[in-house]
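A quick write-up on the structure given underneath.
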Protein chains: 2
Amino acid sequence: MLSPLRAATPAAWVAEAVRRWPELLADHANCEKKAASTALALMFAYPEDRALATRLSKLAREELRHFEQVDKLMQERGVDYLRRKPGRYAAGLRAAMRTHEPFRKLDLLLCGALIEARSCERFRLLGELSAGQGLPTPVADLYVGLQASEARHFELYLKLAESHARREPAAVREQPWQQRLEELAAVEADLVTSPDPEFHFHSGLPS
Amino acid sequence: MLSPLRAATPAAWVAEAVRRWPELLADHANCEKKAASTALALMFAYPEDRALATRLSKLAREELRHFEQVDKLMQERGVDYLRRKPGRYAAGLRAAMRTHEPFRKLDLLLCGALIEARSCERFRLLGELSAGQGLPTPVADLYVGLQASEARHFELYLKLAESHARREPAAVREQPWQQRLEELAAVEADLVTSPDPEFHFHSGLPS
């Protein structure tokens, strides 16, 4: 399945991530926890969607396993946890989402796909850095390992969005779901390429 | 480790559960989801407690796996999902909990232990029913299988409570944690033995 992303992560973000890898890890650990809780929130919001529940339960388990992997590496490298407010990325996407059904569910699933696709792209960029480019080997190895499952995650969210659109024609009466994905992908692309005062796993251009 | 429970489940609840096993399964599926989300909520509330995060992440994964097992059995037996307000059990325990730290964390962990211990006891009672006592064999088998992990869960919550008490002497200055456990266990025992107008996995005496 093709990535739904409409902009590449700026090289400057990768350079910043290498320089600030302990913060990267700590923020990434929070993202994995958050990804699990987002999946659970969808399971609670749509209990009648049994296929969604089964698949997102498995996804949440995988995110929690990643959390444990990142946390273990943090402990091995002496990296402390980080309690920080969510960055502008999540807030920016949330602001673009519609709040009434059946559009709300579609937007939640499409944004889920975009977030997972961005994580996947950044894992790939971090994993591709060759030795000597600054990221400690175990950290680069972690990102190589995580990439494949994160790709499956954005595919899953897209499939759930597609199946929601099929079963709820009202959700796509005015606009096909692919077109709505393009709109949200444009918002997402702007968030990761425009100057961002903070550094996060999903932050924009370091400013 | 000894069970912290102070009252046995009334035989009338077991009889009701056998009679209403489809509802039992549906409510149980919700309990597994809720148990995972409670564990995650603790991970978000206390990110500085790294041991808690690692252990509760594993516990949440196990609860989600149980959710998937129960959901699979429901689908095999044609049992529909159930969207229902939380019963009086959770509300009753929440009302007994203190809301300021470091007591809040202690009470959350002790109540976590009590809820897991009660689930474990009810799994055992349901698993012990011999064939012909009304529970379909695959349902009884499920409960036999779940019992062991649920026992590990209440032990884990008790260990986390003990370790919190050790590191936060203020939490136990006025009262040892074991004594607080007794108080909460008395509330819990009352909730499962007093007449309850509704039937839930954690409901009281059928009335």
Side-chain angles (χ1 to χ4, degrees), chain A residues 22-23 25-86 90 101 105 149 153 156, chain B residues 22-23 25-86 90 101 105 149 153 156:
Chain A
E23 265 171 276
L25 277 186
D27 195 55
H28 176 193
N30 290 340
C31 290
E32 297 287 359
K33 260 195 302 193
K34 188 67 183 61
S37 97
T38 299
L40 255 172
L42 280 161
M43 293 166 65
F44 276 106
Y46 306 107
E48 70 287 352
D49 190 338
R50 307 284 286 271
L52 175 146
T54 311
R55 287 175 190 147
L56 289 185
S57 179
K58 288 190 172 68
L59 180 145
R61 285 200 281 118
E62 205 159 31
E63 308 285 17
L64 287 168
R65 193 187 294 277
H66 295 171
F67 166 76
E68 292 161 36
Q69 281 177 261
V70 181
D71 186 72
K72 185 164 173 279
L73 185 57
M74 285 170 66
Q75 301 205 25
E76 283 164 10
R77 314 287 302 191
V79 177
D80 213 355
Y81 85 100
L82 204 63
R83 190 196 279 260
R84 208 160 52 162
K85 283 191 208 121
E101 298 296 0
K105 185 175 174 184
S149 52
H153 291 177
L156 169 60
Chain B
E23 266 171 277
L25 276 187
D27 195 56
H28 176 195
N30 289 340
C31 290
E32 296 287 359
K33 263 197 298 193
K34 189 66 184 59
S37 97
T38 299
L40 256 171
L42 281 162
M43 292 166 65
F44 276 106
Y46 306 106
E48 70 287 352
D49 190 339
R50 307 284 287 271
L52 175 145
T54 311
R55 286 176 190 148
L56 288 186
S57 178
K58 288 191 171 70
L59 180 144
R61 286 200 281 118
E62 205 160 33
E63 308 283 19
L64 286 168
R65 191 186 297 275
H66 295 171
F67 166 76
E68 292 161 37
Q69 281 177 262
V70 180
D71 186 71
K72 183 164 175 280
L73 185 56
M74 284 169 67
Q75 301 205 25
E76 284 164 8
R77 313 289 301 192
V79 177
D80 213 356
Y81 85 99
L82 204 63
R83 189 196 280 262
R84 209 161 50 166
K85 286 194 207 115
E101 299 293 359
K105 185 174 175 184
S149 52
H153 291 177
L156 169 59

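Here is the naming used below: chain letters follow the sequence lines, and residue numbers restart at 1 for every chain.
With a 6.0 Å radius and a threshold of 12 heavy atoms from other residues, nucleotides or ligands, B:R61 has its CZ atom above the threshold. More than 12 heavy atoms of other shown residues, nucleotides or ligands fall within 6.0 angstrom of atom CZ in B:R50.
Chain A forms more heavy-atom pairs under 4.5 Å with one residue of B:D71, B:D80, B:T54, B:N30 than with any other, namely B:D71.
Rounding to the nearest 0.5 Å places NZ of B:K58 at 4.5 Å from CD of A:E68. Expressed to the nearest 0.5 Å, how far CD of B:E48 lies from CZ of A:R83 amounts to 5.0 Å. The CG atom of A:L64 sits 11.5 Å away from atom CD of B:E63, with the distance rounded to the nearest 0.5 Å.
There is no contact between A:A29 and chain B, counting heavy-atom distances below 4.5 Å. With a 4.5 angstrom heavy-atom cutoff, B:A41 does not touch chain A via any of its atoms. For a residue to count as touching a neighbouring chain, one of its non-hydrogen atoms must lie under 4.5 Å from one of that chain's; by this rule A:L40 touches chain B with the side chain only. For chain B, the nearby parts of A:Y81 are the backbone and the side chain; heavy atoms of each come within less than 4.5 Å. Contacts between B:E62 and chain A at a heavy-atom distance below 4.5 Å are absent for every atom of the residue. When heavy atoms are compared at a cutoff of 4.5 Å, B:K72 does not approach chain A at all.
Looking only at side-chain heavy atoms (C-beta outward), A:P47 and B:K33 come within less than 4.5 Å of each other.
Smallest separation of non-hydrogen atoms from A:F67 and B:M43: CE2-CE, 3.5 Å.
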